Amino acid sequence: MTTALPHSIRDRFPLLERAVYTNSCSQGALSREVRAAYERYLTDWDEKGAPWDLWVELAESARSRFARLINASTDEIAVTTSVSAGVSSLLSGLRHPDGRNKIVISDFEFPTIGQIVHAQELLGTKVEHVPASSDATIPLERLAESIDEETALVAITYVCFRNGSKTDVESVVELAHQAGALVLLDSFQAVGAIPIDVRELGVDFVAGGTLKYLLGSAGLGFLYCRSDLLPQITPTQTGWFADEDIFEMDIYDYSPSPTARKFESGTPPVPSIYAGVAGMDLMDEIGIAATERHVATLTDQLIEGLDRIGARMVTPRDPARRGPMIAVATTDEQAMVATLKEDGILTSHRDGNIRLSWHCYNSAEDIEAVVAGLQRHSRLLVR
Ligand SMILES: Cc1ncc(COP(=O)(O)O)c(C=O)c1O
């Protein structure tokens with residue numbers, strides 16, 4: 001799409017007529033296309049009964065879209081129901097060829113990554129956390145101190161869900177690979193907002209989902225696994241849709257698919273696939289690179305506004321170290337979210353901060369409305 005964002009697309013999101021929406025880091029706004037996709041699901045179900053051929057085909061088309069989205073091949077993609085499901089399956093089968101048994105994890109991880117990694121301690125894995133520095137980054141030197149000859153995996157997040165800090169993924173990958181460790185990237189706060197190319201990044205595994213900047217809804221995600229690593233991973237957390245031949249219905253055998261489908265589980269989340277495919281198609285039409293450029297202009301404008309009213313931004317100022325979400329320190333995060341909601345501004349909070357997240361449909365007027373709202377409630381701002 002070549003017409004300028006956001007005005008070319010705002011009318012596709014009815015919510016924007018009623019509210020200033022700056023909460024895409026929780027969930028993307030509902031589009032007319034995604035609503036229509038859910039209606040299509042109900043119609044297909046009603047008219048066709050149980051059209052499983054169609055639904056399995058649709059799951060395959062979700063796989064192709066995820067692959068295209070991150071420049072992977074379809075055999076490298078598992079279609080999952082969540083980041084948690086994909087990563088749990090991955091870690092249930094990941095064994096380092098050298099017998100290494102330590103996972104290094106950044107302190108910016110989402111709870112599910114931390115909890116799944118710590119669950120591996122029950123099986124003898126050692127876990128080491130890498131803390132953030134006061135500038136809301138995870139310094140490479142600190143990572144370097146933790147990644148050693150025992151490290152099998154390094155878990156990092158592209159954009160931190162708490163403070164919007166964006167990781168220098170290529171540098172972490174270089175560091176980890178030099179030490180013989182693999183890298184798992186949680187892309188949920190980036191995918192759809194920032195172009196992702198797994199070949200350029202060099203990552204080994206990527207997890208993400210459609211709920212946020214891919215404009216889908218809950219219940220659909222993906223796990224990427226680099227093709228040459230597939231033969232050495234055999235998940236023990238599995239299900240019949242991970243089998244080599246799904247419809248063989250063999251209960252005497254475990255023969256997982258040789259492709260990344262081995263990380264799948266049970267019956268696919270059909271309604272979420274309708275929605276997720278529609279959301280991904282919409283982002284494809286709008287353009288993720290165009291969205292990233294548009295959002296960079298908006299976040300620059302927001303930062304000027306925050307400076308003007310004396311608000312304290314928690315996200316790094318360096319444009320290379322931030323993405324679509326800017327976090328602002330508050331004295332009472334819940335009160336700030338509630339009071340902005342009364343003004344028709346929808347945001348969310350984590351860790352003492354409000355999270356102001358921006359997408360293709362946000363406008364310069366939205367930024368001004370948010371800055372004015374923060375100024376009105378400046379008693380709740382940390383200065
Ligand atoms: C960075 C990140 N990872 C993971 C998740 C969610 O994971 P799951 O799909 O397992 O619910 C979120 C959701 O809010 C997130 O922000």
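Sequential numbering from 1 along the given sequence is applied to the chain's residues. Worth saying up front: this structure is predicted, and the values here are computed from it rather than measured. Counting convention: from 1, in listed order, for ligands and their atoms alike.
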| request: Just go through Tyr158, Phe161, Phe110 and tell me whose heavy atom is the nearest to atom 15 (C) of ligand 1. | output: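 Minimum heavy-atom distance to atom 15 (C) of ligand 1 goes to Phe110.
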| query | Can you name the nearest heavy-atom pair linking Tyr213 to Trp358, along with the distance? | reply |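 Where Tyr213 meets Trp358 most closely, the heavy atoms are CE2-O, 3.7 Å.
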Flag [X] as yes when one of its N or O atoms lies below 3.5 Å from any N or O atom of ligand 1, and as no otherwise.
| X | answer |
| --- | --- |
| Lys212 | yes |
| Asp186 | yes |
| Cys25 | no |

| message | Show the atoms of ligand 1 that are less than 4.0 angstrom away from any heavy atom in Ser82. | response |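 Contacts of ligand 1 toward Ser82, numbered from 1: 8 (P), 9 (O), 10 (O).
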| task | Can you sort out which atoms of ligand 1 are near Gln189, meaning under 4.0 Å from one of its heavy atoms? | result | 1 (C), 16 (O)
| query | What is the nearest protein non-hydrogen atom to atom 10 (O) of ligand 1, stated with its residue, atom name and distance? | reply |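 Nearest protein contact, heavy atoms only, for atom 10 (O) of ligand 1 is Ser84 OG, 2.3 Å.
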| query | How close does the nearest protein non-hydrogen atom get to atom 9 (O) of ligand 1, and which residue and atom is it? | reply | Val83 N, 2.9 Å
| query | Any chance the side chains of Thr297 and Asp300 put a donor and an acceptor closer than 3.5 Å? | reply | no
| said: Checking Tyr274 against Asp44: is there a side-chain donor and acceptor pair closer than 3.5 Å? | reply: yes
| said: Is the ring pair Phe110/Phe161 parallel, tilted or perpendicular, if the boundaries are 30 and 60 degrees? | reply: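 Correct class here is perpendicular.
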| request: Classify the angle between the aromatic ring planes of Phe66 and Phe222 as parallel (below 30°), tilted (30 to 60°) or perpendicular (above 60°). | output: tilted
| Thr125/Asn101 under side chain to side chain donor-acceptor pair (under 3.5 Å): CA gap, chis, key distance, verdict | CA-CA 5 Å; Thr125 300; Asn101 205 11; 3.3 Å; yes
